[in-house]
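Values below: every heavy atom of this structure, side chains too, minus hydrogens, waters and symmetry copies. Chain A is the first sequence line, chain B the second, and so forth, proteins listed ahead of strands; every chain is numbered from 1.
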Number of protein chains: 2
Amino acid sequence: MNKNATHNHQETIRSARKALLNDETILGLTETFKVLSDPTRLKIVLALSREEMCVLDIARLLGVTESAISHQLRMLKTLRLVKHRKEGKMVFYSLDDEHIEDLIRVATRHISE
Amino acid sequence: MNKNATHNHQETIRSARKALLNDETILGLTETFKVLSDPTRLKIVLALSREEMCVLDIARLLGVTESAISHQLRMLKTLRLVKHRKEGKMVFYSLDDEHIEDLIRVATRHISE
DNA sequence: TTAATACCTGAACATCTGCTCAATCGTTCC
DNA sequence: GGAACGATTGAGCAGATGTTCAGGTATTAA
């Protein structure tokens with residue numbers, strides 16, 4: 001007997017469909033993963049996990065231009081991962097998300113095995 | 001007195017540097033997040049979290065071509081997230097990573113708040 | 001052998017991404 | 001006021017990304 005005949009495609013698809021999440025959730029998840037998928041942004045998040053920093057200090061720390069950092073910070077701010085505070089000429093950024101560090105921690109454990 | 005003068009840039013950068021991870025870890029993390037940052041790949045992973053599936057069933061489930069799925073499966077296979085098993089004409093794919101579901105779970109909790 | 005099925009592959013394509021550069025804004029100091 | 005400094009912005013660009021398309025391999029069935 002053909003083993004393939006024992007495989008019910010319809011049933012498999014129906015069952016797998018239950019594991020899928022709704023489109024809105026999928027979009028939110030991919031957005032979250034995408035923001036952490038760039039080295040510069042990930043480093044910014046890690047740096048801010050300790051204390052707030054001004055734009056220029058982040059730029060110097062990571063060895064990139066202020067402009068590049070500013071662009072990324074805008075994205076992080078839009079996604080509500082960071083918040084900012086003005087003080088004179090400087091703008092201090094800090095983490096605005098308690099869960100993002102958990103995510104990085106779980107992922108770190110994942111790659112170390 | 002100027003408040004900015006109280007901010008020690010050198011010390012801030014030195015402190016933040018400790019929170020950064022080595023380049024290899026950063027690369028591994030961004031690679032992990034990137035693979036989950038595409039809706040098609042994320043859905044494939046979710047679908048395979050229940051049971052193994054052949055390429056055509058995945059394609060039908062997600063409403064995309066076999067080719068597109070095959071390309072993504074190759075990437076997932078390269079990154080050791082999935083494994084495959086041949087059975088006649090069909091190739092069954094299944095998850096090859098126990099931790100990736102934890103990551104999705106933590107991220108799901110994150111976006112729901 | 002021929003046809004059909006399941007899957008894979010490489011090239012081409014449009015789109016997206018992250019950076020640089022130049023210009024600009026806002027604040028502070030002289 | 002003007003110069004200096006920190007930060008932001010928009011345009012432009014090179015590289016990456018995901019899909020389609022056409023063609024290919026491998027296996028099975030007639």
Taking [atom1] from [X] and [atom2] from [N], how many angstroms apart are they, rounded to a whole number?
X	N	atom1	atom2	answer
B:R85	D:dA26	CZ	P	20 Å
A:F92	C:dT27	CZ	C1'	14 Å
B:L36	D:dT17	CG	C1'	16 Å
A:D38	D:dT17	CG	P	11 Å
A:K89	D:dT8	NZ	P	14 Å
B:F33	C:dG18	CZ	P	15 Å
B:E87	C:dA6	CD	C1'	13 Å
A:L56	D:dT8	CG	P	11 Å

Check your understanding: Counting side-chain heavy atoms from C-beta on, which of C:dT5, C:dC8, D:dA7 comes nearest to B:V55?
Key -> C:dC8

Revision key, fill the gap. Side-chain contact check for A:M90: nearest option of C:dA6, C:dG18, D:dG6 is D:dG6

Practice item. For DNA chain D, find the residues of residues 59-83 of chain B with a heavy-atom distance under 4.0 Å and give them by number; none if there aren't any. Key: B:T65, B:S67, B:A68, B:H71, B:Q72

Practice item. With a 4.0 Å heavy-atom cut-off, tell me which residues in residues 43-53 of chain B come close to DNA chain D, sorted by residue number. Key: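 Correct list: empty, so none.
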
Review point. Taking only residues at least two apart or on different chains, which pairs with a member in residues 61-70 of chain A satisfy side-chain hydrogen bond (donor to acceptor under 3.5 Å, both in side chains)?
Key: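 Listed by first then second residue: nothing to list.
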
**Study point:** side-chain hydrogen bond (donor to acceptor under 3.5 Å, both in side chains): pairs with one or both residues in residues 20-34 of chain B, sequence neighbours excluded
**Key:** B:N22-B:T25

Contact under 4.0 Å: [X] side-chain N or O vs [N] OP1/OP2:
X	N	answer
A:K34	C:dC16	no
A:R41	C:dG18	yes
A:Y93	D:dG6	no

Any side-chain heavy-atom pair from [X] and [Y] closer than 4.5 angstrom?
X	Y	value
B:L36	B:I100	yes
A:L76	A:D96	no
B:L61	A:L20	yes

Review point. What residue pairs, at least two apart or across chains, pass ring-ring contact (aromatic ring centres under 6.0 Å, His included) with a residue in residues 20-45 of chain B?
Key: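 Found none.
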
Review point. Which residue pairs satisfy the ring-ring contact (aromatic ring centres under 6.0 Å, His included) criterion with at least one member in residues 50-91 of chain A, sequence neighbours excluded?
Key: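 For residues 50-91 of chain A, and leaving out neighbouring residues, the ring-ring contact (aromatic ring centres under 6.0 Å, His included) pairs sorted by first residue read A:H84-A:Y93.
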
Review point. Who are the side chain to side chain donor-acceptor pair (under 3.5 Å) partners of A:D102, not counting sequence neighbours?
Key: A:R105

**Study point:** salt bridge (charged side-chain N to carboxylate O under 4.0 Å, His left out) partners for A:E11, two or more places apart
**Key:**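 Applying salt bridge (charged side-chain N to carboxylate O under 4.0 Å, His left out) to A:E11 gives A:R14.
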
Check your understanding: Got a sec, which residues hit salt bridge (charged side-chain N to carboxylate O under 4.0 Å, His left out) with A:R74, two or more places apart in sequence or on another chain?
Key -> none

Check your understanding: Is there a side chain to side chain contact (heavy atoms under 4.5 Å, CB included) between B:V82 and B:L95 once you walk through the steps?
Key -> CA-CA 4 Å; B:V82 302; B:L95 273 195; 4.2 Å; yes

Do any side-chain atoms of residues 48-59 of chain A form donor-acceptor pairs under 3.5 angstrom with protein atoms, and if so which ones, sequence neighbours left out?
unit_1	atom_1	unit_2	atom_2	d
A:S49	OG	A:L46	O	2.5
A:E51	OE2	B:S15	OG	3.1
A:E52	OE1	A:R85	NE	3.2
A:E52	OE1	A:R85	NH2	3.4
A:E52	OE2	A:R85	NH2	2.4
A:D57	OD1	A:R60	NH2	3.2
A:D57	OD1	B:H9	ND1	2.8
A:D57	OD2	B:H7	NE2	3.2
A:D57	OD2	B:H9	ND1	2.9

Exercise for review: Can you sort out which residues in residues 19-29 of chain A have a heavy atom within less than 4.0 Å of DNA chain C? Ascending by number, please.
Suggested key: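 When residues 19-29 of chain A is checked for heavy atoms under 4.0 Å from DNA chain C, there are no hits whatsoever.
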
Review point. Which atoms form the tightest heavy-atom contact between B:Q72 and B:I44, and what is the distance?
Key: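 Of all heavy-atom pairs spanning B:Q72 and B:I44, the closest is CB-CD1, 4.0 Å.
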
Review point. Per the end-axis method with five pairs at each terminus, what is the bend angle of the helix from C:dT1-D:dA30 to C:dC30-D:dG1, to 10°?
Key: 10°

Check your understanding: What's the spacing between B:I104 CD1 and A:L29 CG if we round to 0.5 Å?
Key ->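 Answer for the CD1-CG pair, B:I104 versus A:L29, is 7.5 Å.
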
